[in-house]
Amino acid sequence: MTNCMKNKDLLKEKSIIMWNEDKIEAFQKTLLDWYDANKRDLPWRRTSNPYYIWISEIMLQQTQVDTVIPYYERFINTLPEINDLAEASEDTLLKLWEGLGYYSRVRNMKVAAGQIMADHNGIFPEDYEAIKSLKGIGPYTAGAVSSIAFNQPQPAVDGNVMRVLSRLFEIELDIGKPSSRKVFEEMIRLLIDRERPGDFNQALMDLGATICTPKNYKPETSPVKDFNASYLNETWERYPIKQGKKKVREEAYIALAVSNDKGEYLFQKRGSEGVLSGMWTFLMIPADILDEDGWKSFGGSAESLTQVQSEILVDYIKKEYGLIIAFNNSLKGTYTHIFSHLKWHLSIYEAKVVAETVTGHSLHPIHPDDFSDIAFPVPTQKVWNMVNAITLF
DNA sequence: AAAGCGTGGCA
DNA sequence: TTGCCAAGCTT
């Protein structure tokens, strides 16, 4: 009862009028009937194993269903039990995750698997708070797993749900703000079907993914259009409210594929902080060492560096890595990689190792025959493809 | 609270 | 082409 009052106070504060019980019940039936007839047949909907549901939810974070499916299948086949995940090496995990992005997700999963082994006797916990305390599991994923795998009436508010509710109730909140999520959660606590909470949550997400979409939205085609205030009031084009994103930062590098006389290429492991942390790349030389204008001075159409730039580069490699190289001053290609918050402009060149200083360096030689054992982020794969295409292996 | 964190699809 | 979008979490 106390929680119920809190719910209504929060909604009242935001000028949100909740439906009466009859309307809520009618909505639940309409939504679930639609879901029963139209739900997508997805691999993780054929299991009630919380471990597998968890894997799917982590993979689906900010990632499209079609992308996830093959990764999901391979992951559960390779690591069928929580214990397998807890004991897997980071290399194994990253290889299973290669190309999915947001690599901290799988590192966190290994930590969480260790928590489950240590704190829950290897059994996936059922309690919402216990689930949420697992590394990498936030309010959405905790709600999704507890409702889908354990039939608990917990909200699972993701972008879909916020968009659907914004349109149904003409919500004026910016769905990009962290504080807004709590309001939507309180709405779901009042709306959720107590008999089928997991299906209710998934039905809202399916509705958002297939009908109540961000673009090309046709409200008249929705199974719950009669409940949709923004449709009935012809205000639906205003919702959901979301602030625009800021422009991304741009950086330029020389991506240098350095090979030695054994046919190995030299890779560097990125640091534990920042983008692509702990992932392998070719040498990445900040373009601004070459001149004050950085990549703009050569990133366009230039096929080679100037003599001066070339010497600066060779000196930099010697100083930074203790490596004497023969630089092949012929542009192999350019590639622009767009992250969520950052853009890399890569100019790709090759070089051969002539000599190494005795102090060694932070670079790791890897033969192309062994590339299949190592997880490379997409920018590294793109650079390799360009080097590989030109040299005709 | 806001920024950081990958990648691919789409108009 | 550029920008936005997709089943978020951590710091």
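Just so it is clear, the structure is predicted and the values come from calculations on it, not from any experiment. In what follows, every chain begins at residue 1, and chains take the letters A, B, ... in the order their sequences are listed.
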TODO: For the pair A:Trp54 and A:Tyr51, name the ring-plane relationship: parallel under 30°, tilted 30 to 60°, perpendicular over 60°.
DONE: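 Tilted: the ring planes of A:Trp54 and A:Tyr51 meet at 30° to 60°.
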- [ ] Take the angle between the ring planes of A:Trp384 and A:Phe282 and call it parallel below 30°, perpendicular above 60°, tilted in between.
- [x]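 The rings of A:Trp384 and A:Phe282 lie parallel, inter-plane angle below 30°.
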Nucleotide nearest [X] when distance is taken to its side chain, options [options]:
X        : options              : result
A:Pro379 : B:dG9, B:dT7, C:dG8  : B:dT7
A:Asn108 : C:dT10, B:dT7, B:dG9 : C:dT10
A:Phe339 : C:dC9, B:dG6, B:dC10 : B:dG6
A:Val378 : C:dC4, B:dT7, B:dG4  : B:dT7
A:Tyr102 : C:dG8, C:dC9, B:dG4  : C:dG8

- [ ] Return no unless some side-chain N or O of A:Lys177 is found under 4.0 Å from OP1 or OP2 of B:dA2.
- [x]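 A:Lys177 to B:dA2 OP1/OP2: side-chain N or O found under 4.0 Å.
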Task: Short side-chain N/O contact to C:dT11 OP1/OP2 from A:Lys135, under 4.0 Å - done: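 A:Lys135 to C:dT11 OP1/OP2: side-chain N or O found under 4.0 Å.
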TODO: Run the salt-bridge test on A:Arg45 and A:Asp206 with the 4.0 Å N-O cut-off and return the result as yes or no.
DONE: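 Salt bridge flag = yes for A:Asp206 with A:Arg45.
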Open item on the list: Using a strict threshold of under 4.0 Å (side-chain N to carboxylate O), is an ion pair present between A:Lys95 and A:Glu98?
Closed with: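 Salt bridge: yes.
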Pick base, sugar-phosphate or nothing for [X], based on heavy-atom distances below 4.0 Å to the nucleic acid.
X        : value
A:Ser340 : base
A:Gly99  : sugar-phosphate
A:Ser56  : nothing
A:Val65  : base
A:Gly244 : nothing

For atom [atom1] of [X] and atom [atom2] of [N], their distance in whole Å:
X        : N     : atom1 : atom2 : value
A:Tyr335 : B:dG6 : OH    : C1'   : 10 Å
A:Tyr71  : B:dT7 : OH    : P     : 9 Å
A:Glu251 : B:dG4 : CD    : P     : 11 Å
A:Leu134 : C:dC9 : CG    : C1'   : 13 Å
A:Lys110 : C:dC9 : NZ    : P     : 22 Å
A:Leu276 : B:dG4 : CG    : P     : 15 Å
A:Asn216 : C:dC4 : CG    : C1'   : 13 Å
A:Ile338 : B:dT7 : CD1   : P     : 12 Å

Open item on the list: Closest-nucleotide mapping onto DNA chain B: is A:Gln64 or A:His341 further toward the 5' terminus? I mean the 5' end.
Closed with: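 Its nearest nucleotide lies further toward 5', so the answer is A:His341.
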TODO: Nearest-nucleotide wise, let me know which of A:Lys246 and A:Leu100 is further upstream toward the 5' end of DNA chain B.
DONE: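 Between the two, 5'-proximity favours A:Lys246.
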Task: Under 3.5 Å donor-acceptor pair, A:Thr63 side-chain atoms to B:dG6 base atoms - done: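 A donor-acceptor contact between them is present.
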Can you give each donor-acceptor pair under 3.5 Å made by side-chain atoms of residues 99-115 of chain A, sequence neighbours left out, with the distance rounded to 0.1 Å?
residue  : atom : partner  : partner atom : Å
A:Tyr103 : OH   : A:Gly99  : N            : 3.1
A:Arg105 : NE   : A:Tyr102 : O            : 3.3
A:Arg105 : NH1  : A:Ile58  : O            : 3.0
A:Arg105 : NH1  : A:Met59  : O            : 3.0
A:Arg105 : NH1  : A:Gln61  : O            : 2.9
A:Arg105 : NH1  : A:Thr63  : OG1          : 3.2
A:Arg105 : NH2  : A:Leu100 : O            : 3.3
A:Arg105 : NH2  : A:Gly101 : O            : 2.9
A:Arg107 : NE   : A:Glu90  : OE2          : 3.2
A:Arg107 : NH1  : A:Ser277 : O            : 3.1
A:Arg107 : NH2  : A:Ser277 : O            : 2.9
A:Asn108 : ND2  : A:Ser104 : O            : 3.3
A:Lys110 : NZ   : A:Ala86  : O            : 2.8
A:Lys110 : NZ   : A:Ala88  : O            : 2.9
A:Gln115 : OE1  : A:Lys135 : N            : 2.8
A:Gln115 : NE2  : A:Ser133 : O            : 3.2

Open item on the list: Listing request: all ring pair (Phe, Tyr, Trp, His ring centres under 6.0 Å) pairs with a residue in residues 158-178 of chain A, at least two apart in sequence or in separate chains.
Closed with: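 Residue pairs passing ring pair (Phe, Tyr, Trp, His ring centres under 6.0 Å), neighbours aside: A:Trp19-A:Phe169.
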Task: Whole-Å P distance, B:dA3 and C:dC4 - done: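 Going atom to atom, P in each nucleotide, I get 15 Å.
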Open item on the list: With rounding to the closest Å, how many angstrom separate the P atoms on C:dC9 and B:dG8?
Closed with: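 That atom pair is separated by 22 Å.
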- [ ] For ring-ring contact (aromatic ring centres under 6.0 Å, His included), just list the numbers for A:Tyr335 and A:Trp344, CA-CA rounded to whole Å, side-chain angles, deciding distance to a tenth of an Å, and then say yes or no.
- [x] CA-CA 8 Å; A:Tyr335 169 64; A:Trp344 276 359; 9.4 Å; no
Task: Within 45° cone of A:Tyr217 ring axis and under 6.0 Å: A:Arg167 NZ or CZ - done: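 Judged by the rule (NZ or CZ under 6.0 Å from the ring centre, within 45° of its axis), A:Arg167 counts as positioned above A:Tyr217.
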Open item on the list: At a heavy-atom distance below 4.0 Å, what parts of residues 38-55 of chain A sit against DNA chain B?
Closed with: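 Heavy-atom cutoff 4.0 Å gives no residues at all.
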- [ ] With A:Phe376 as reference, evaluate A:Trp280, A:Tyr265, A:Phe267 under the ring pair (Phe, Tyr, Trp, His ring centres under 6.0 Å) test and give the passing residue.
- [x]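 Exactly one candidate clears the test, A:Phe267.
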